[in-house]
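For the numbers below, each heavy atom of this structure counts, side chains included, while hydrogens, waters and symmetry mates do not.
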Amino acid sequence: MPFRLIGTASVALKELVGTQSRSLPYKLVPLLNERGLETGATIDLVCSIRIALDGEEDEGDENMPDGGSGSLPTGGPSGTRETQLARRISKGKKNRRVLSNKPQDFQIRVRIIEGRQLSGNNIKPVVKVHICGQTHRTRIKRGNNPFFDEMFFYNVHMTPSDLFDETISIRVYDSYSLRADSLMGEFKIDIGYVYDEPGHTVMRKWLLLNDPEDANSSPKGYLKVSMFVLGTGDEPPVENRERDNENDDVETNLLLPAGIVLRWVTFVLKIYRAEDIPQMDDAFSQTVKEIFGAEADKKNLVDPFVEVCFAGRKVCTNIIEKNANPEWNQLVNLQIKFPSMCEKIRLTVYDWDRLTRNDVVGTTYLSLSKIAASGGEVEVNTGETEVGFLPTFGPCYLNLYGSPREYTGFPDPYDELNSGKGEGVAYRGRILVELATLLDSKPLTKKIEMIPSDDVLVVEKYQRRRQYSLCAVFHSATMLQDIGEAIQFEVSIGNYGNKFDTTCKPLASTTQYSRAVFDGNYYYYLPWASIKPVVTLTSYWEDISHRLDPLNLILAMVEKLQTNIAALKSGIQAKMSENQLVEMWLKLIDELMEDLSKEFPHLEGKHNVTVLDTQIRKLRLKSLSQIQEAAAKMRNEATDVKATITEIEDWLEKLIQLSEEYPQDKNNGIKIPVQLRINFWLGLSAVEKKFNSFAEGTFSVFAEMYENQALMFGKWGTSGLVGRHKFSDVTGKIKLKREYFLPPKGWEWEGEWFVDPERSLLTEADAGHTEFTDEVYQNESRYPGGEWKAAEESYTDVNGEKAAPPSEITCPPGWIWDDDAWVYDINRAVDEKGWEYGITVPPDNKPKSWGAAEKMYHTHRRRRLVRKRRKDPNQTTSSRGADTSTDDGDKPSEKGKDSATHVFGANTPIVSCYFDMCVTFSFCALSDPYAHVSFLHRSKTTEIIHSTLNPTWDQTVIFDEIEIYGDPQTVALNPPHVVVELFDSDQVGKDEFLGRTSCSPMVKLNPDVDISPKLLWYPVINGGKACGDVLLAAELILSEKGSTNLPILPSQRAPNLYMVPQGIRPVVQLTAIEILAWGLRNMKNYQMASVTSPSLIVECGGEMVESVVIKNLKKTPNFPGSVLFMKVLLPKEELYTPSLVLKVIDHRQFGRKPVVGQCTIDVLERFRCDPYTTKEDVAPQMKVSLLSAAPRRDVIIEVEDTQPLLTAQEEEIVDWWSKFYASIGDTEKCGQYLQKGYDTIKVYNCELENVPDFKGLTDFCDTFKLYRGKSEENDDPTVVGELKGSFRIYALPDDPTVPAPPRQFRELPDSGPQECLIRIYIARALDLQPQDNNGLVTWIHHVLQNELLSSSSVK
C-alpha cells in the first residue's frame, strides 16, 4: 500500500541533553509540508534518552547483518567509547530515516579548515576534494601547518542508496613539487558514514592522512574538516568557526582512515627537580627587615608547581612551598593514541598564590618531532637497524626564559614572555625532566605518582657539575641611540653573573660605566679605543660536550654550504660562463664531500649519555652518509649545473634539520639598540690555556674604588656626604678602603693606586659633531611689580649654574663661528623678545618652571642666547681624539701571573685588554627614501631620493682612517658587518623606518691587488619579513701609515657626494623603452572619491615619462595618446636592471595629484626585442591593422537554390541542444545527432582566459594589476585596478649619427569608444546553491545588448 506524506516536524534535542531528566515532552509541534510551509496540523510527542551501560546489549542487535555476532574492539582505556562507536556504525543503515529509492537532490558541503604536521620541507600544500566525479581544490598555502578555511559545494541528483556508497576523497598535494609523487597524503570516507552522524554532519574533525599505497607507513599529517550531507529541506547545523586553541581535546576528534589503527601509548614524564626559580612573592615582614637594615631572605619567596599540558589534558605536580630549588620527584602518565597530531608537550612552572591567581614563572616545551623519528627521514635499503625511535628525552635540564628576574611587586609588563609568547629576555630557572614512551594499552590507574627512590638515585649521575670559564672581550659598541646616562653591559650565564641575584657570589660580569659619544652623523658609540673591557665568569654545569661538538660540526657544514650556494646562484644570475659555473659547482661539491667525510665525535666514555643522544647520533650518521652518497653520484653523473640547485638545497635543508635544537620565536624589532662586536670563549676551566693561546692583546686586571666628595659652601670635600661613603664601590653604597684589597693567591700588585677617569667624561659636548650650537642664558630679576634688573648671576647654563658671559666665550681651536653674533632664541615657548618668566618658591632660589606670558607676580626671567659654529675645513682634527674616557676614581693596577679568567672572590675586579697593534682601514660602501650606512663607530647618510620606492643613489660612502684593533689577518677572516638602514623622509612627522640589511665587506690587506668587490642584491628586512632589496658592495682597505697606495677617489656628482667608481659600476647602455599605454580598467575609489581624470607615469633608471590625462575615465577609459617613449641608461647585465615602475595619478581639484595605483615590474627580460626583426609577436601592427581598416562596401553573392540541409523531420529531432549535448559527450540527450555525422563544437570546462591556446585573451595588450596600500602578513595585496598596455625594450646605437631603429608600436587601432552589439547566450547553469526550503532554485537571467563599450573590452 503506498504511503503519502502528511507532514514533517523537527524538534531540538539540546534541551534534553542539557537537563538531568531522561525524557522531555514536546507539545503542539507544527507539521510542515514538502515546501516547508505549515499545514495547520500539530503533533504532541515525548522524547527520551537511554544510556547503554558497559556490556549491555541493545535491543534489535539480532537484526544485524552478521546475526549479532559481530566482533567489537576491546581493551584500552576508552574501550567503551570504541564499542559504542562500532555498534553505531554497524547499525547505521538500520537507523537511517526511510528515504525514497528514487533519484533525489542532495548537496554535499566540505569545509577544509586547516592542516597540521604535513610531511615535507619547504612545501606549498593544496587540498583536492573529489566527490561523485566532481573535484575542487583550495588555494595554495605555504608551510607544514597551513590554514585554509574554504567551503566546497557538490550538488548531486541520485538515489540515496547509490549516494551513500560513494566516497569523499580528500588528498593533499605539494604544489611546489614538479615530481609525480607530489601526493602527500589521502583520506577517504563513505558519504553514508557522514549521513549517519547527528545532523548528517561531521563537525570540525581531524583526519589522519596516510599513504594510499602503503597503509603501514607513518602518518603524513592531519587535516581539520567539516562535512555536511543535506537532503531536500535539511538545514545544516551552525558551525563554530573560531580557531581552536591548544587546549582542545583533539584525541576524541580524530578520524582514522580504513585499515589504520593507532596504538595506545603512555608518555611517562618524570619531573625530578628545579633550580634557580626567581622570587615571585612579596612579604611584609621581609620589607620591614629591609627598612631596619636587617638581612632579608628573599630567595625562597616562591611556591612552585609544574603543569604538564598535552592534547588538551592537564596534570599538575604537588606544590612545594617557600622553595626556590624544589624537588618533586613525581612522574606524570599521559595515555594517548600514537602517533599523535599534537606536536608539543608544554611544561609550565607556576607560583601558587593563596588569594590571587597563580603566576607563571616560565614555560618550556618538549617538541615530539625533535625527540622522535619515524625512520622515514633516511632511505635505507641495506637491511640495517631501523633509525626510527619513539619519543625519548633526558634525564636532562630544560631552561626557562621569560621576563626580567627582578621582583618589583608591581604587575609585570612582560608577563606574556613567561607563558612562551615570544622570545624570553632573561633566565628564570631550569627543570630536570625525563620522558619515556611505553607501548601499553592497559588502562591508567594514576595520572601522577611518586618516582621510586632507586630511580632518583640513578639520575644523580646526570647532575655531576664541572667548572666552566666564560670570557668575553668587547671590541666595540656602536649604533647606539641617544642615551643620556652612562651605560654598562652585563654578561650572565644562568644566574652566574646576574648582579641582581644575591644567591651567586659576585663576578666580574659587567663592563665599566661609559657614556656614549656622537659619531658625527646619526648614532652614538662607546669610546673604548685601545683598552677593551673584558668580562669573565666562572660557573658550574653538566658536561654536554658530546652534544655540542657534533652540533658545531654540522653548523660549520651548513654555513659553508650556504655561502657556496649563494655564490653559485649569484653566478647564475650574473650569467657567468659555463666553465666558471662548473668550477664553482665543483668547489661546492668537493668541499661538502670533504666536510661529510670528517670523523663524527664518539659517545664512548661519556658518563651522562642518554638514549636520545644515541638515537640522534645514529640518525645523523645515516643522514650524512646518504647525502655523501648522493653528492658523489651527482658529481659523476650531473650534466646541468642549474638543474642540481634544487637537490643541493634539499641537502642544506636536511643539514639544518639535523642541527636544530629547541628554537623559540624571534621577534625582530624595528630598532637595533646597539651593535656589539665581541669575542666569546666558553670552556672547561681546566683547559683555559687554550683561550690564552688565541686571545689577542694583553690582559690586565684592576681593582677599583671610587672617592666621593660633595660641594658645600662653594668648596668640594667629604663633609656633607649623604648616603655615600668617602671611598665606595661604583654604586656608592658599599664602603671600601685600600687595605681591604688583598691580591688573590698567585697574584701580586703591579703598581700603586692611580686616578683613572672614564674616557667619555673627558670629551667635550661637541665631540663627534661637525656643527654645534653654544648656548648661555641671560637672567634678570625684580620685586613683584617692579623694574627688571640684572640678576646676581647674570649668565648661567640651562640648570642655573654660573656661566661665562657671551663676550668671554671664544671659539675653540679647529672651529669657526657660523653666526656673526649671539642671538636670542625665539623658537621656543617665549615672548617676542625671547624671555620666559618664572617665580621662586622657598626654599628654592631658582624657578622650577617657566612660562611665555609675563604676570605681575613673576620675579625671574631669562632668555637663551645661541651662536652656531662648525668645523674648520682647513684644519683636520682626528675624531679619535674623543677616545679618551669617566667618573673620578682611584684604581689600583694588578697584573697576575695566571690567566684572565681566574676568579677573584668578593671584590670583583675590572679586566681590560690592551691592544698594541692598531691598523687603519679605509671603508667604501657602494649602493644603488635615504639610507644610514653604519660601520663600527662611524655612520653616514646618503642623499634623499624623493617620491619613489625604487631609488637609485649611485653613491659611494667613504669612511677614512677607521682604527680596528687586532691582527689584520684576524680582521680579514671575520670583518665587522656593514649595516644599511633605509628610512622614508617625512617633512611633518618622524621619518619612517623601511627596513635593514647587512653584509660583510671584502677585505683588501694589499691595496695594490686589483680586485674589485661585486655588487649584489641583499634583502631588506623589516619586522622579520623581506620588504625589498638593495644593491650593495663594500670593501675594507688596509691603509698603512704614510702609504699613498689607496685607490683614487671616484668622481663627484656634487660636493662630498662620490659616484660608484668604474669597474664596480655596472656597464650601462643607452636603451629605448616604448610604452603602449592603452587604457585603465576597474579603478577603485581613492579616499571616498572615484578616479575620474587619471594619467600614467612610467619610471625606470631615474628617468620618467607621463602620459596624456584621460578627461573622463567613465566615458573613455583609454588614453588619447597610446605610445610613450623614453631613453634610459640600463645595465647590460639583467642582474642589475632596475625595476620598471608604473604609477597612476588622479588629477583632482586644487592641484592635488594622489597616486591611486602602482605596479612594479621586476623582470624586464621578457619585454626585450630585436627592433630589426619582423615577427608577429614583436610587431603587432599587422595584427591590429585589420581592426582599424575602413569599412568595406557591400558585396552581393548570388547563391543558387538547393535542397535544404535538414528536412523538416530532422529539424525537429536535431537542434542546437542536440549539437551541444553531442559535443559534451552526453549520448542519451543528443539523439541521432552523432549518427548523422554532423559537426560538433568544442566546449571548455573553464574560463576562456584559462585556456593555454588563447593566451589569456590578451591580444596585443598585457594586463598589469595595480596595487595600493600596505598588506598585512599572509594577506594578498590590494588590487585597485588594471592597466592595459605593453612594453618593448631594445638597445640604441652608441653612435648618434646612426639612425635610430624603427618604432615597434605603429598603426594602432582607434582607442576611442565604438558602438558594439554584444549577444550573450545563457545555455545552462551549474552548481547553483539553493536558497529555498524545497532545495530548488528559481532563477532569472537578463539579456544585455546595445551597450556602448571600448573596443578592447570586447572579446
By side-chain hydrogen bond (donor to acceptor under 3.5 Å, both in side chains) - contacts of [X] (at least two apart):
X     : result
E1106 : S1095
R677  : none
D818  : R870

So, [X] and [Y]: side-chain donor and acceptor under 3.5 Å apart, yes or no?
X     : Y     : answer
D1146 : S1093 : no
E793  : Y795  : no
N521  : T941  : yes

(request) Using modelled atom types only, decide if a donor and an acceptor are shared between the side chain of R996 and the backbone of I1021 within a distance under 3.5 Å. (result) no
(message) Does L676, at its CG atom, have more than 12 non-hydrogen atoms belonging to other residues, nucleotides or ligands within less than 6.0 Å?
(response)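 Correct, the count exceeds 12.
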(message) Atom CG of residue position D820 - does it have more than 12 heavy atoms of other residues, nucleotides or ligands inside 6.0 Å?
(response) no
Can you name the residues that form a side chain to side chain contact (heavy atoms under 4.5 Å, CB included) with [X], not counting sequence neighbours?
X    : result
E808 : A804, P805
S794 : A790
A791 : N779, S781
K846 : E801

(message) Over 60° means perpendicular and under 30° means parallel, so tell me whether F474 and F489 are parallel, tilted or perpendicular.
(response) parallel
(request) Please examine the side chains of D519 and R938, heavy atoms only from C-beta on, and report whether any two atoms are closer than 4.5 Å. (result)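 Not touching, per the 4.5 Å side-chain cut-off.
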(message) Less than 6.0 angstrom separating the ring centers of H932 and F983, yes or no?
(response)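 Yes, the ring centres sit under 6.0 Å apart.
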(request) Any pair with a residue in residues 778-787 that passes salt bridge (Lys or Arg N to Asp or Glu O under 4.0 Å), sequence neighbours left out, goes on the list, sorted by first then second residue, please. (result)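 For residues 778-787, and leaving out neighbouring residues, the salt bridge (Lys or Arg N to Asp or Glu O under 4.0 Å) pairs sorted by first residue read E780-R861, R782-E854.
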For residues 829-837, dump all side-chain donor-acceptor pairs below 3.5 Å to protein atoms at least two apart in sequence or in another chain.
{"residue": "D831", "atom": "OD1", "partner": "K833", "partner atom": "N", "Å": "3.1"}
{"residue": "D831", "atom": "OD1", "partner": "G834", "partner atom": "N", "Å": "3.0"}
{"residue": "D831", "atom": "OD1", "partner": "W835", "partner atom": "N", "Å": "2.8"}
{"residue": "D831", "atom": "OD2", "partner": "Y837", "partner atom": "OH", "Å": "2.8"}
{"residue": "E836", "atom": "OE2", "partner": "R828", "partner atom": "NH2", "Å": "3.1"}
{"residue": "E836", "atom": "OE2", "partner": "R862", "partner atom": "NE", "Å": "2.8"}
{"residue": "E836", "atom": "OE2", "partner": "R862", "partner atom": "NH2", "Å": "3.4"}

(message) Is the terminal nitrogen or CZ of K940 (NZ for Lys, CZ for Arg) located under 6.0 angstrom from the six-membered ring centre of F959 and within 45° of that ring's axis?
(response)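 K940 over F959 ring: yes.
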(message) I'd like to know if D797 and K802 make a salt bridge, using a cut-off of under 4.0 Å between side-chain N and carboxylate O.
(response)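 Salt bridge between D797 and K802, a charged N being under 4.0 Å from a carboxylate O: no.
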(request) Using salt bridge (charged side-chain N to carboxylate O under 4.0 Å, His left out) as the criterion, list what pairs up with K848, not counting sequence neighbours. (result) D844
(request) Kindly write out the residues that satisfy salt bridge (charged side-chain N to carboxylate O under 4.0 Å, His left out) with K1143, not counting sequence neighbours, or none if the list is empty. (result)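 If we apply the salt bridge (charged side-chain N to carboxylate O under 4.0 Å, His left out) test to K1143, skipping adjacent residues, the hits are E1099.
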(request) With sequence neighbours left out, write down each residue that passes ring pair (Phe, Tyr, Trp, His ring centres under 6.0 Å) with Y777, or none if nothing qualifies. (result)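 Y777: no ring pair (Phe, Tyr, Trp, His ring centres under 6.0 Å) contacts found.
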(message) Exactly one of R864, K868, R863 should register a salt bridge (Lys or Arg N to Asp or Glu O under 4.0 Å) with D825. Which one does?
(response)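 Answer after filtering R864, K868, R863: R864.
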